[in-house]
Peer 1: 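Sharing a structure, written as structure tokens. Questions coming.
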There are 2 protein chains.
Amino acid sequence: MQSRTPVPRATGRPRSAAADAAILAATREALVELGWSKLTLGDVATRAGVAKTTLYRRWAGKNELVVDAVAELFDELRMPDRGSLAADIEGVVLQFAAILARPEARSGLMAVIAESTRDDALRERIRESIVDRQKRLVHQGRTRAQQRGELPADPDPTSRTADLIFDIVAGTVVHRTLVSAEPTDEEWARAFTSLLLLGLRGSAAP
Amino acid sequence: MQSRTPVPRATGRPRSAAADAAILAATREALVELGWSKLTLGDVATRAGVAKTTLYRRWAGKNELVVDAVAELFDELRMPDRGSLAADIEGVVLQFAAILARPEARSGLMAVIAESTRDDALRERIRESIVDRQKRLVHQGRTRAQQRGELPADPDPTSRTADLIFDIVAGTVVHRTLVSAEPTDEEWARAFTSLLLLGLRGSAAP
DNA sequence: CAGTTACGCTACGACTCGTAGCGAAAGCAG
DNA sequence: CTGCTTTCGCTACGAGTCGTAGCGTAACTG
């Protein structure tokens, strides 16, 4: 992230780090109250107690700003060792669902993804700031499960399976939460995890 | 769909059906060229050869218009009998991916989903126009597979499993295509279908 | 024919956009 | 402390979009 600062000069007045935090927080606040389409940069600037021009000096536009504001939300994802692969996956699923339950994540994330379909640079930015950063969880869970003997050693060195798992978990939770709009509770997480695990264990011996 | 026509009166000049088609086509065209955020209703009206006021008389706003424009794209989804459950699923996955490869579907669909997070009426409209209409494919595939003996009879009368399958298939394909932005080709469809089927078959006998 | 509704067109105030110019503030090197 | 540099808040601006209103005309019905 923060590829928005072109070159941190050694001289001159430094950029206020507090302003950065205030702007991103104000962006999330505005996303909650107004949603994506009615969010204006002028409004965000006012909420943050910052001049509109300051905002434009740091971000190219609405898209880039919201990506940074939303990316921070996903950094709280953790995968504590719960003893079994099933429990680990369930834990992450529920955490992910909890983040998606927050309105600033819901409208912000989907909106920037929509915009990224016409903007390759934006998509790359989303990938760096959000997607790839969380893919670590998949590797972490698999490594742990292999050490426990729950999963065979990875037969695929290109990690295509890891990408598939990530798409399934993230995609399914997002769809359940945002499109189907039904509760992503523990019962659902168990059913989903169970189905996924059966698929994973079986895929080792075709 | 077309809940936009409040009451079709018997008298007076009828609404031009050709205008409807022209407007929806123009909306998709504008989505391709401009994307969601830069799409203006004035531009759509010009492309369709229609006055801007006519457009506002039929749709409440950008959201509703794009939902209708995008919903038509998904009506072409079919599930011909390919002989096995695996082949049926693969076929639908590839068809779905083909639709999502079209830029008007990509940017339009995600954008209205993003807006729907702050607009319950819009979410309900998306559900009616797009989601529930395509859920038929899941039931169709399961019924066929049960007749072939590939799957046990549905132990769950509330069709929670069907909902889960739908979320997994639609969510995963969307995530793969729009977020991961990697090819949703036959090889990937095979791997995904294989994993899903192993989970489905196993979930009958835990 | 009269009655009713949809249509195209024009015009409007309100709002947002992104940028430019200004003087003041906050650092750093000498 | 004194210049030097960069950021900051503020104001103002033309351009573009929004959604609506008003008007005369077109299309269809009984």
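A quick note: this is a predicted structure, and the numbers were derived from the prediction, not measured. We use all heavy atoms of the structure for the numbers below, so side chains are in, but hydrogens, waters and symmetry mates are not.
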Peer 1: Without decimals, in angstroms, what is the distance between B:R15 CZ and C:dT4 P?
Peer 2: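 Between P of C:dT4 and CZ of B:R15: 18 Å.
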
Peer 1: Quick check: do B:R125 and B:S116 have side-chain heavy atoms less than 4.5 Å from each other?
Peer 2: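 The answer is no, as the side chains (C-beta and beyond) never meet within the 4.5 Å cut-off.
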
Peer 1: Which of parallel (below 30°), tilted (30 to 60°) and perpendicular (above 60°) describes A:F96 and A:F74?
Peer 2: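 Tilted, since the angle between the ring planes falls between 30° and 60°.
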
Peer 1: Side-chain contact, heavy-atom cut-off 4.5 Å: A:D120 with A:E124?
Peer 2: no

Peer 1: Measure across A:A97 and A:T184 and return the closest heavy-atom pair with its distance rounded to 0.1 Å.
Peer 2: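 Residues A:A97 and A:T184, closest heavy atoms: CB-CG2, 3.5 Å.
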
Peer 1: Within the supplied structure, the quantity of interest is the number of heavy atoms (other residues, nucleotides, ligands) at a distance under 6.0 Å from A:E186 CD; does it exceed 12?
Peer 2: no

Peer 1: List the atom of B:L39, the atom of B:K62, and the distance in Å for their closest heavy-atom pair.
Peer 2: O-NZ, 3.0 Å

Peer 1: To the nearest angstrom, how far is A:I23 atom CD1 from D:dT7 atom C1'?
Peer 2: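 Taking CD1 of A:I23 and C1' of D:dT7, I get 12 Å after rounding.
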
Peer 1: Is there any protein nitrogen or oxygen under 3.5 Å from a nitrogen or oxygen in nucleotides 23-26 of chain D, and what are the pairs?
Peer 2:
| unit_1 | atom_1 | unit_2 | atom_2 | d |
| --- | --- | --- | --- | --- |
| D:dA26 | N3 | B:R13 | NH1 | 3.1 |

Peer 1: For DNA chain C, determine which residues of residues 38-56 of chain B have any heavy atom closer than 4.0 angstrom to one of its atoms, and list them numerically.
Peer 2: B:G49, B:V50, B:A51, B:T53, B:T54

Peer 1: Just wondering, do A:L195 and B:I168 contact through their side chains at under 4.5 Å, heavy atoms?
Peer 2: yes

Peer 1: Take B:D167 and A:T172 through the test side chain to side chain donor-acceptor pair (under 3.5 Å) and record every step on the way to the result.
Peer 2: CA-CA 5 Å; B:D167 284 330; A:T172 303; over 6 Å; no

